[in-house]
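Let me begin by presenting the structure, written as structure tokens, before commenting on it.
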Amino acid sequence: MATLEERIDAVESRAKISELRSAYARFASSGNAYGVASLFTEDCVFDGPMGAGKGRGIINGNKALGDFLAPQIGKIGAVLPLISNEIIKVDGDTAKGWCLMQTPMAPGFGALVCEYFDECVRIDGKWYFAKRTMFLFQPVYEERPANYAQMEPTGR
């Protein structure tokens with residue numbers, strides 16, 4: 001069994017990762033694409049849809065992520081991310097998690113509902129996204145990869 005200190009750290013870490021997701025939503029809703037990117041490690045990976053009708057892709061690095069997001073969310077109110085149903089599993093200075101995101105509007109999509117699989121890392125006491133994988137539910141349901149069941153963040 002984990003020590004009391006380890007259990008307290010895990011609880012505090014889950015709260016900080018939840019706040020990381022909220023900061024993501026706040027930066028996105030205020031049109032601050034580079035603020036969103038600052039929540040990711042320099043060598044991060046974003047795996048998800050590249051825009052309406054553009055298919056999936058991978059973006060490497062937080063600078064490239066900011067450049068990708070700027071034309072999509074670069075104004076206040078372009079998106080309004082609502083994060084819910086969070087699962088976060090902490091293992092020392094790394095964590096995996098899952099959440100749902102809904103936004104009543106998204107450029108090129110209209111209403112958007114998706115799920116995120118997150119891999120986070122703590123650097124100098126602060127949590128960052130190291131990898132974020134996004135799958136759409138709406139407006140178009142994306143087929144999930146063959147390893148989808150293994151992406152479960154709870155380890156169950």
Side-chain angles (χ1 to χ4, degrees), residues 13-14 16-91 93-154:
S13 293
R14 282 192 291 275
K16 291 296 183 184
I17 292 167
S18 182
E19 288 175 10
L20 177 67
R21 290 172 172 163
S22 294
Y24 179 99
R26 175 64 183 125
F27 279 135
S29 68
S30 65
N32 187 343
Y34 294 97
V36 170
S38 75
L39 303 173
F40 288 75
T41 61
E42 286 184 19
D43 62 347
C44 71
V45 174
F46 178 84
D47 177 355
M50 296 291 106
K54 295 182 181 174
R56 293 188 66 78
I58 293 178
I59 297 169
N60 293 293
N62 63 357
K63 170 76 169 80
L65 180 61
D67 293 344
F68 167 73
L69 292 173
Q72 298 183 57
I73 65 169
K75 65 177 187 165
I76 294 173
V79 295
L80 179 61
L82 307 170
I83 308 295
S84 64
N85 300 33
E86 295 180 285
I87 297 172
I88 302 167
K89 182 176 174 118
V90 177
D91 185 9
D93 288 335
T94 62
K96 290 186 176 186
W98 174 89
C99 65
L100 288 176
M101 189 276 290
Q102 301 175 64
T103 184
M105 61 253 179
F109 286 103
L112 184 131
V113 180
C114 70
E115 63 181 338
Y116 286 114
F117 288 89
D118 295 322
E119 295 178 23
C120 299
V121 62
R122 181 168 35 194
I123 301 171
D124 296 328
K126 189 172 178 181
W127 285 97
Y128 295 89
F129 296 109
K131 182 176 183 182
R132 188 154 235 214
T133 302
M134 175 185 182
F135 292 108
L136 292 175
F137 284 111
Q138 180 186 335
V140 173
Y141 180 83
E142 286 185 289
E143 289 300 318
R144 303 316 194 242
N147 70 336
Y148 182 77
Q150 287 75 43
M151 295 174 77
E152 175 63 43
T154 63

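When reading the values below, keep in mind they use all heavy atoms of this one structure, side chains included, and skip hydrogens, waters and symmetry mates. Please read all numbers here as calculations on a predicted model, not as lab measurements.
Residue-environment remark: CG (D91) stays at or below the threshold of 12 foreign heavy atoms within 6.0 Å.
Taking OH of Y34 as the reference point, atom CG of L65 lies at 9.5 Å (rounded to 0.5 Å). Distance check, rounded to the nearest 0.5 Å: CD1 of I73 to CZ of F68 gives 9.5 Å. Atoms CG and SG, from N60 and C44 in turn, are 7.5 Å apart once rounded to the nearest 0.5 Å.
In this view, R144 and E115, F135, F137, Y141, E142, Y148 satisfy the side-chain contact (heavy atoms from CB on, under 4.5 Å) rule, not counting sequence neighbours. Evaluation of the ring pair (Phe, Tyr, Trp, His ring centres under 6.0 Å) rule for F129 yields Y24, F40 as partners, not counting sequence neighbours.
Residue pairs that meet the salt bridge (Lys or Arg N to Asp or Glu O under 4.0 Å) test with at least one member in residues 58-81, sequence neighbours left out, are K63-D67. Residue pairs meeting the salt bridge (Lys or Arg N to Asp or Glu O under 4.0 Å) criterion with at least one member in residues 120-140, sequence neighbours excluded: D9-R122, D93-R122, D118-R132. Sorted by first and then second residue, the salt bridge (Lys or Arg N to Asp or Glu O under 4.0 Å) pairs with a member in residues 32-48 read D47-R56; sequence neighbours excluded.
Residues I58 and M50 come closest through the heavy atom pair N-CE, 4.3 Å. Contact record, S30 with F27: OG-O, 3.0 Å, taken as the closest heavy-atom pair. Here the shortest heavy-atom pairing between I17 and C120 reads CG2-SG, 4.1 Å. Pairing each heavy atom of A130 with each of T41, the nearest pair is CA-OG1, 3.8 Å. The minimum heavy-atom distance linking L20 with W127 is given by the pair CD1-O, 3.6 Å.
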Practice problem: Please assess F46 against M134 for the test side-chain contact (heavy atoms from CB on, under 4.5 Å), listing each intermediate value before the final yes or no. | Solution: CA-CA 8 Å; F46 178 84; M134 175 185 182; 3.9 Å; yes

Practice problem: Just do the side-chain contact (heavy atoms from CB on, under 4.5 Å) check on L112 and M101 with the steps written out, would you? | Solution: CA-CA 8 Å; L112 184 131; M101 189 276 290; 3.4 Å; yes

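Side-chain contact between V121 and E119 is absent, with no heavy-atom pair separated by less than 4.5 Å.
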Please set out all donor-acceptor pairs under 3.5 angstrom arising from side-chain atoms of residues 80-88, sequence neighbours excluded.
unit_1 : atom_1 : unit_2 : atom_2 : d
E86    : OE1    : S18    : OG     : 2.8
E86    : OE2    : S18    : OG     : 3.3
E86    : OE2    : R21    : NH1    : 3.2

